[in-house]
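Okay, structure first, notes after.
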Amino acid sequence: MRNIDKIIHWKIIEISIMIAIITISFPLWKRLELKEIMTTAALYDNAKYTYLKIDDHATGPMFPLSDKEALNLTPSKIELINETNTSENVTILMKISKSSSLDFNCLNIAIDSQKKQLKDLYVMDDSDYFYFNIKSDVTKAETKKYNFLLWMDASTGNEMMGKNLTYSFELQKGALI
């Protein structure tokens with residue numbers, strides 16, 4: 001019986017020591033965690049990024065135009081800004097919402113006066129968007145500017161008149177899938 005009492009006594013002491021260590025350690029651990037969070041936040045406050053800046057002048061209804069007429073319009077501006085000192089492969093994606101009623105197959109696009117059919121730039125789609133590879137580039141600590149135009153092909157029929165188009169741009173870093 002005495003051995004069992006000794007074992008119980010030592011187990012109670014072990015458990016008490018563990019509870020004391022945890023009671024002391026937890027506030028210290030939380031304080032270290034807070035310090036780590038503060039340090040990380042301070043790093044991000046001064047962080048540098050690669051991002052897009054869009055100056056979209058495209059307003060009003062979209063209607064069929066010849067390529068010559070479209071290329072005489074005032075283009076929107078897309079700026080690719082890399083504030084970092086690292087070289088990055090980037091892709092500018094155009095996202096067209098699947099809720100748009102205008103068929104993207106009748107659209108033409110020009111980046112810096114290089115005209116293409118939008119459907120030829122198709123990359124993939126998900127449940128909400130169709131994605132198009134507008135421009136792939138490499139950038140390092142610089143700002144690159146592109147002129148952007150989007151218009152309906154002259155051969156588009158009247159069935160597309162009055163349809164809506166919702167689009168936006170996204171920057172993808174690294175190799176495009």
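Open room surrounds CD on Q114; 12 or fewer heavy atoms of other groups in view lie less than 6.0 Å from it. Within 6.0 Å of atom NZ in K98, more than 12 heavy atoms from other residues, nucleotides or ligands are found, so the atom counts as buried in its surroundings. Within a 6.0 Å radius of CG in D128, more than 12 heavy atoms belonging to other residues, nucleotides or ligands are found. The local environment of NZ in K53 is sparse, with at most 12 non-hydrogen atoms from other residues, nucleotides or ligands closer than 6.0 Å.
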(message) As a quick check of understanding, evaluate side chain to side chain contact (heavy atoms under 4.5 Å, CB included) for E79 and L52, giving each step before the final call.
(response) CA-CA 6 Å; E79 288 184 67; L52 288 176; over 6 Å; no
(request) Given side chain to side chain contact (heavy atoms under 4.5 Å, CB included), test T91 with K135 step by step and report yes or no. (result) CA-CA 6 Å; T91 301; K135 184 78 173 175; over 6 Å; no
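The distance between the ring centers of F132 and Y167 does not fall below 6.0 angstrom.
Taking every heavy atom of both residues into account, N82 and E88 meet most closely at ND2-OE1, 3.8 Å.
With hydrogens and angles left out, the side-chain atoms of N147 and K77 include a donor and acceptor closer than 3.5 Å. With 3.5 Å as the limit, one finds a donor-acceptor pair spanning the side chains of S155 and D153. For the residue pair N164 / S100, no side-chain donor-acceptor distance below 3.5 Å is found, with atom types taken as modelled. A donor-acceptor contact closer than 3.5 angstrom links the side chains of D126 and Y131.
Classified by interplanar angle (parallel below 30°, tilted 30° to 60°, perpendicular above 60°), the ring pair F148/F169 is perpendicular.
Linking ILVMFWY side-chain heavy atoms closer than 4.5 Å, directly or via other members, places I54 and L121 in a single hydrophobic cluster. Hydrophobic clustering of Ile, Leu, Val, Met, Phe, Trp and Tyr side chains at less than 4.5 Å, counting indirect connections, unites L73 with L118.
At a threshold of 4.5 Å between non-hydrogen side-chain atoms, the residues N108 and L150 do not count as touching.
Relative to the ring axis of Y129, K95 places its NZ or CZ within 45° and under 6.0 Å from the centre.
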